[in-house]
Structures are given as C-alpha cells and as structure tokens.
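What follows is one structure encoded as structure tokens, with my remarks underneath.
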Number of protein chains: 2
Amino acid sequence: MGRAAGPGDNDRVTSAEQQQPETPRKRTGRRPGGADTRRTVLEAARAEFAARGYEKASMRAIARSAGVDAALLHHYFGTKDRLFLAALEVPIDPRVVVGQVLAGDRATIGERVAAFVLQLWEQPETRDRMLALLRTAATNEQVAQLMRGFMTTELVAPAAVELDIPQAELRFELMMSQIVGLAMARYVIGVEPLASADPAGLAPLLARTVQGYLAEG
Amino acid sequence: MGRAAGPGDNDRVTSAEQQQPETPRKRTGRRPGGADTRRTVLEAARAEFAARGYEKASMRAIARSAGVDAALLHHYFGTKDRLFLAALEVPIDPRVVVGQVLAGDRATIGERVAAFVLQLWEQPETRDRMLALLRTAATNEQVAQLMRGFMTTELVAPAAVELDIPQAELRFELMMSQIVGLAMARYVIGVEPLASADPAGLAPLLARTVQGYLAEG
DNA sequence: CCTGGAATTCATCATGCGATGAGTTTTGCG
DNA sequence: CGCAAAACTCATCGCATGATGAATTCCAGG
C-alpha cells in the first residue's frame, strides 16, 4: 500500500524557485525582504495535515511545500506536535456560535443548524482544519482525545443547556455524528453522487435529520 | 504526538512464552505440533489493523502479538498489503443482505435497517474489519478508493434498485453516512454518553433518521 | 528410513522520518 | 556604524519500518 495516488498529491510548490542561475546565489542565511515565512509555513502545514493527516504529513514535505528547509520548522515551532496545533488553531469561540444557532424557533432548528454546518464546511480554511482533525483522530488516540474533549466541553455541554429535551447530550451527539459521517463520506471517502452534491440540495435532507434529533421528542 | 496511550494499547501476548529456561531450546526451524499459525497471524493482524489502522500497525507488532517472527508474515502473505486484504476478507455477499433488509414494509424500513446495522457493529469480527477499513481509509487514498468502490457497487447500486424513491442513491448514501458517523463518534472518537450507550436505546433514534432518508418523500 | 518441501527464525539492508547543533546571512536597535 | 539577535540552511544522528535471503528444523510421502 505504498503511496500511489494519495489524496492531496497536488505537487504544491508555493514560494520557491524565483532564483535565476545568473547570480551564484548563496544558499544559507537570512533572506532579504521581510517575507512572512511563518505564515507561509502554517498554510502549507494546514494543507498538508488536512490532506494526509498528522503522521503522513512529513516535516520535510511541509517544508518543501513552503519552499523552506525542514530545520526552519523546528526553529519556529519546536516539534511537529506544536506545528500541528499552531496550524489548527481556531480563532472563534464555538460556545457563542452554538448558542446563537440553537436559539430561536424550535420548529426550524434543523434548517438553521444544517445551513450553518454546510456553510462551515464550504470555507476552505475551516474545512482544512476539520479534515486534519478528523483524518488524524482516526489513528491517533491523543488527537482523538483532544477532539473528544473539545466536543464535550465546547459543543455538547453548551448545547445541552440551550436545549430542553430529554437525552439532550445523546441526541446532540447523534446529530454531530451525522455531520462527521457526512464529512467522511463526502470529503474523505468521496462516494458519488454525495461527494459532488450541491450543498443547497443537501440542506433540506440534512435539516430533516437534525430536526429529528434536536426537536420533536 | 509520539505514542503515549493509543487505542489498542492492550499488551496482547497471544501464544508466545511457554518455554522454560530448562531445555536450551533451539530457536529456529519448524515448530512441532501442527498449530494453525496462519490463522493466529490473521487474527492478530485484524486486531492490530482495527486498533491502529494500516500504517501504524507494524508487521513487527503483529508478529509479536502472534508470537512469531516478522519474516514469517512475509513468508505467508508476501507484502503488508496482502496481509491487510487477507485479514479483512469478508465471507458474506452484501448484495443479498441489502436485498433482504430493504425488502418489506416501507413503513418500518428504518427499524429494520437500524436493528441490522447496530447488530452488525456488535459482532467483534465485523466491527474489527470495519474499524480497520474506516481508520485506514481516513489517510490512505488506495483504501478509500477500495471502500468507495465497495459502497457504490455492492451497497448503493443494489439498494437503488430495491428502493423506488427519487434521489435514491443520494438518500441511501446519506443514510450510510449516518452509520459511518455513528461509528466514528462511538468507537473512534469515543464521545460520551454516545460511546457507552446501549444499542437498544440507540435503535429508535437511528431508525427515525433512516426512515427519513429511505422513505417519506 | 530418507529426502524434499514447508515452516520458521536470524541477520541484514535501504529508506524515510523527526530532531539537533553548528554555521551563515540579514535585520534592526543603539 | 557596530553588533546582537533573528532567520535560515547544511550535515548528520538515531530510530523504526518493510523487505529479503540464507540457514535451521520438522513433517509427510515414497
């Protein structure tokens, strides 16, 4: 099962190769011009982690994709772990969002949640972060635990406060499991026609399922 | 993110260590007594692949767990790929099962599918095979492709024939995505209370969702 | 009983990985 | 201007992995 045509086999070459063979070009030392290398590295890392998961995304590959030596990643981030965490760092506070989306007419809660989630997964940065998490959690207990903790304290707990239904935690988690499964089927496994389906077409079907879990006892 | 306390960190020691330091014990060569070593190896492999996924399950670890030298696995199966496939080989014909479960009263199709699926995942051998596939497909495009093909030709296509609803493929795949997501949340991420929930308690909630996808236009 | 083949292990190779430390070049502060 | 710190690369280490080939031991057919 060697690498043959993996996901993310896009030969990403970001910022390298703007050097003519004219000047002999010293290779080592600080670069002129304050390029935001750190940001470039983080973007390359995010893409690589999303496409291959933590273990298969090598420091060397990330470095190459960022047009940089691998040792530089260690210079900036120390270890691969810390680069991973830095690449996945998410700016928003999920508790707030959960509150906003769940609050409101209970008869249309399915529509609102479905629309919000589908739109989230359409944004490339968010999608990459979530794909990296999902792909990694599948075989890395440490990251699975991270995800479990995040879900429980940042999503389930606030949601259970907002919802006033029996088995709120279980039902909300079943709803989340549908989201996770949709992501797996659509983006990881890529089964058709689901993988290419228009989000707008998915929305009502997903909405009905969410509605079943979060309302209508 | 080194190995710290991964899933499947059970220190499996299957058949090794029944040798006293009494006799000097020659270590090489064929063993006396026709033990079914091949079967032992396959079981160890299945457990390891299920717990860690293809790439993290090392030949050496599988061999150790089977109480055998790693070279023996190559003797029997050639490559790691082929051992993986041999360990996952499934005896039943899914097309038949799909037909049986889907046929019948359309008003209770959700119950039947939910019951069948939940029972499938309760059987350890089936669960191990599916977990190995799922964990591996997350980061291995080759296996993802295998799974995609299997789903399409063995599950979706037969199901679409049986069901006479619009968007049959899409709806059936959404149903499957709920199954996959449930497995991820329950067995891989292990979020509570879902992970420890009684299958009997899950059944009606899952049934309702399935019913929504496969019936009730 | 003898012999060929199957079962099993040992020693070893090449490869890719994360990490480290030393060296070089540029920036920016005083 | 001078110089310390930051940015950046090179060479290299140690480790784990999948794979291979030779060597050893046992079983079964003649």
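Convention: sequence-line order gives letters A, B, ...; per-chain numbering from 1.
Residues that satisfy the side-chain contact (heavy atoms from CB on, under 4.5 Å) test with R148(B), not counting sequence neighbours, are I189(A), V191(A), E141(B), A144(B), Q145(B). With sequence neighbours excluded, no residue forms a side-chain contact (heavy atoms from CB on, under 4.5 Å) with A115(A). Remark: F116(A) engages V97(A), V101(A), Q119(A), L120(A) in a side-chain contact (heavy atoms from CB on, under 4.5 Å) (not counting sequence neighbours). Taking the side-chain contact (heavy atoms from CB on, under 4.5 Å) definition, one finds that Q100(A) meets it with V96(A), sequence neighbours left out.
Residue Y76(A) places none of its side-chain N or O atoms closer than 4.0 Å to OP1 or OP2 of dA6(D).
Taking atom CG on D36(A) and atom P on dA7(D), their separation rounds to 10 Å, with Å as the unit. Atom-to-atom, NE2 of H75(A) to P of dA6(D) comes out at 8 Å; the value is rounded to the nearest Å. Between R82(A) atom CZ and dA19(C) atom P the separation is 10 Å, expressed in whole Å. The CG atom of L73(B) sits 12 Å away from the C1' atom of dT9(C) (whole-angstrom rounding). Atom CG of D69(A) and atom C1' of dA22(C) are 13 Å apart (whole Å).
Between E125(A) and R46(A), no side-chain nitrogen of the basic residue sits less than 4.0 Å from a carboxylate oxygen of the acidic one, so the salt-bridge criterion is not met.
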In residues 173-186 of chain A, what donor-acceptor pairs under 3.5 Å come from side-chain atoms, sequence neighbours left out?
unit_1, atom_1, unit_2, atom_2, d
E173(A), OE1, L194(B), N, 3.0
S177(A), OG, L174(A), O, 2.7
S177(A), OG, Q178(B), NE2, 2.9
Q178(A), OE1, Y213(B), OH, 2.9
Q178(A), NE2, S177(B), OG, 2.9
R186(A), NH1, L194(A), O, 3.0
R186(A), NH1, A197(A), O, 2.8
R186(A), NH2, A197(A), O, 3.3

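Comparing atom distances between the L72(B) side chain and each of dA7(C), dC10(C), dT20(C) picks out dA7(C) as nearest.
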Please produce a list of atom pairs where a protein N or O lies less than 3.5 Å from an N or O of nucleotides 14-18 of chain D.
unit_1, atom_1, unit_2, atom_2, d
dG18(D), OP1, K80(B), NZ, 2.7
dG18(D), OP2, M59(B), N, 2.9
dG18(D), N7, R60(B), NH1, 2.5
dG18(D), O6, R60(B), NH2, 3.2

